Amino acid sequence: MRNIVTAWLVFVIGLSLPDDIYGDIPELPEIVKVYSSGGAGDYLPAYMGDYRISSQYYSNLPVYKHVTKELYLYVNNVDNWVMSWQIHGVESWMKANLKGNSIEPPSDGWFYWDNEKWQLDEELKIKKLNGESKGCTNSQFQCNSGSCIPLEQRCDLTRRHCADGEDEEGCGVRSSDFE
């Protein structure tokens, strides 16, 4: 990551950097996991899962791409971290403010749009995985634990296949209906 930042600064700006500059540039996580047992998880389940850092940049920061879907996690034009199906200016389905000087995706404070207004999802979290996860395939659902189950078992209304029961959340029944 640091080599990418250095190359960009040298190539685009023509800036020469001292060798000790790396102490000021934080290393970003390679993979982050987005998960929620709250409103965003129910309303926007497709946005949950693993996002891998890409070589693409927006607002001078790297873009994370979902490992199995065409979804993106990035900083938009107004300095919010957002999750969206395309990389563009301001619009998104989920957002969180940059926190201080941190350039990492925030682990909490995420809002989602429910077609009426922005709602805070206190259950939405972003966890740094740093290469621990390979993600699931398009024919699998990823549990909060990182394990993968066949997509047919998502909302099959028979039993919980994920340890936390998230495979049955947002399916029109309560996950407590399954013991």
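All values below come from the heavy atoms of this structure, side chains included, with hydrogens, waters and symmetry mates left out. These numbers come from a predicted model, not from an experiment.
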Write down the atom of [X], the atom of [Y], and the distance for their closest heavy-atom approach.
X: L73; Y: W110; answer: CD1-CH2, 3.6 Å
X: Y47; Y: W93; answer: OH-CD1, 3.0 Å
X: L44; Y: Y112; answer: CD1-CB, 4.1 Å
X: E30; Y: Y64; answer: O-CE2, 3.9 Å

Nearest-0.5 Å distance that lies between atom [atom1] in [X] and atom [atom2] in [Y]:
X: Y72; Y: M83; atom1: OH; atom2: CE; result: 15.0 Å
X: M94; Y: M48; atom1: CE; atom2: CE; result: 4.0 Å
X: D108; Y: K125; atom1: CG; atom2: NZ; result: 5.0 Å
X: N97; Y: W81; atom1: CG; atom2: CH2; result: 13.0 Å
X: Y51; Y: L71; atom1: OH; atom2: CG; result: 4.5 Å

(message) Please check: side-chain N/O of D167 versus main-chain N/O of C162, any donor-acceptor pairing under 3.5 Å?
(response)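 Checked: pair present.
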Donor-acceptor contacts, no H, no angles, side chain residues 31-41, under 3.5 Å, sequence neighbours left out:
from: K33; atom 1: NZ; to: C143; atom 2: O; distance (Å): 3.0
from: S36; atom 1: OG; to: G38; atom 2: N; distance (Å): 2.9
from: S36; atom 1: OG; to: D121; atom 2: OD1; distance (Å): 3.4
from: S36; atom 1: OG; to: D121; atom 2: OD2; distance (Å): 2.6

Results of side chain to side chain contact (heavy atoms under 4.5 Å, CB included) for [X] - residues two or more places apart only:
X: S107; answer: none
X: L61; answer: V75, I103
X: P45; answer: R154
X: S84; answer: Y74, Q86, H88, S92

- Query: Do the side chains of N77 and Y58 get nearer than 4.5 Å, heavy atoms only?
  - Reply: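 When only atoms from C-beta onward are counted, N77 and Y58 do touch, with a gap below 4.5 Å.
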| Below 4.5 Å, heavy atoms only, C-beta onward: do H161 and D156 meet side chain to side chain? | yes
Which pairs pass salt bridge (charged side-chain N to carboxylate O under 4.0 Å, His left out) with one or both residues in residues 58-67, sequence neighbours excluded?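 Listed once each, the pairs are K65-E70.
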